[in-house]
Amino acid sequence: MLRAKVRLTRSNQVTEMLRTSVRACAIAIFVMIGVASCDRKSGEAVVIGKEHIDAALPTAGTPNAKSEPGPDAQIRAMADDEITVDGYVMKPRVRGTGRDPRALSHEQWIVKVRMLGNGRTIQVPADQSKWEKLRENDRVKVSYRRGNYTGTVWAAEIE
């Protein structure tokens, strides 16, 4: 009787049922992933360092560039005039410039903090005005997200 009034065929009924249930399932899946995949943490931290990195210099793309080392690649010893910063090896005069391997397409103002509660060290991106106001040993409130599976810190910010 309802079908006669609304004039729904069997395929229209299935389509309408899927349209309403798929939307609800998609929202439920996104909420579950968001809740299960990370924890929002916050707490007091002490500033232990600040660093400014210029924007990367524009480079011409190399069509034959390889990101993976070849089978005959060898690990070389670090030279006396090189330093390592955040896992990157570079010359000291390159650090913080546009030739820094950590440089992105925009300038970066990074504040390195140590959380008082758990002793974890986090690098927090900040805007220029906040970066200029902060000094070493200042106490700040930091909020961040920590992945449940990997423990990776992301989306950190100074409040």
Hey, does [Y] have a side-chain heavy atom less than 4.5 Å from the side chain of [X]?
{"X": "Ile48", "Y": "Thr121", "answer": "yes"}
{"X": "Tyr144", "Y": "Glu157", "answer": "no"}
{"X": "Ile83", "Y": "Met90", "answer": "yes"}
{"X": "Arg40", "Y": "Ser143", "answer": "yes"}

Which residue pairs pass the salt bridge (Lys or Arg N to Asp or Glu O under 4.0 Å) test when at least one of the two sits in residues 90-114, sequence neighbours left out? Glu51-Arg95, Glu51-Arg102, Asp81-Lys91, Asp86-Arg102, Asp100-Arg102
Please name all residues satisfying side chain to side chain donor-acceptor pair (under 3.5 Å) with Thr152, sequence neighbours left out, ordered by chain then number. Thr150
Arg76: partners by side chain to side chain donor-acceptor pair (under 3.5 Å), with sequence neighbours left out: Glu82
Just to verify, which of Val142, Ile158, Asp138, Val124 counts as forming a side-chain contact (heavy atoms from CB on, under 4.5 Å) with Val47?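 Among the candidates, only Asp138 passes.
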Given Arg120 and Arg146, is the side chain to side chain contact (heavy atoms under 4.5 Å, CB included) satisfied, shown in steps? CA-CA 12 Å; Arg120 185 175 204 149; Arg146 185 185 62 84; 3.4 Å; yes
Nearest-0.5 Å distance that lies between atom [atom1] in [X] and atom [atom2] in [Y]:
{"X": "Leu57", "Y": "Thr97", "atom1": "CG", "atom2": "OG1", "answer": "7.0 Å"}
{"X": "Lys141", "Y": "Ser42", "atom1": "NZ", "atom2": "OG", "answer": "4.5 Å"}
{"X": "His106", "Y": "Asp54", "atom1": "NE2", "atom2": "CG", "answer": "12.0 Å"}

Suppose we screen for side-chain contact (heavy atoms from CB on, under 4.5 Å). Which residues come up paired with [X], at least two apart in sequence or across chains?
{"X": "Asn137", "result": "Val46"}
{"X": "Ala77", "result": "none"}
{"X": "Gln128", "result": "Trp109, Glu132"}

For residues Trp154 and Gly147, report the shortest heavy-atom separation together with the two atoms involved.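 Residues Trp154 and Gly147, closest heavy atoms: NE1-N, 4.0 Å.
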Nearest heavy-atom approach of Ala55 to Ser105 is CB-O, 3.8 Å
Would you say Lys50's side chain and Arg135's backbone share a donor-acceptor pair under 3.5 angstrom? no
Find out if a path of hydrophobic residues (ILVMFWY) with successive side-chain heavy-atom gaps under 4.5 Å connects Ile110 to Met115. no
Working for side chain to side chain contact (heavy atoms under 4.5 Å, CB included), residues Arg145 and Asp39: CA-CA 6 Å; Arg145 293 188 181 273; Asp39 290 334; over 6 Å; no
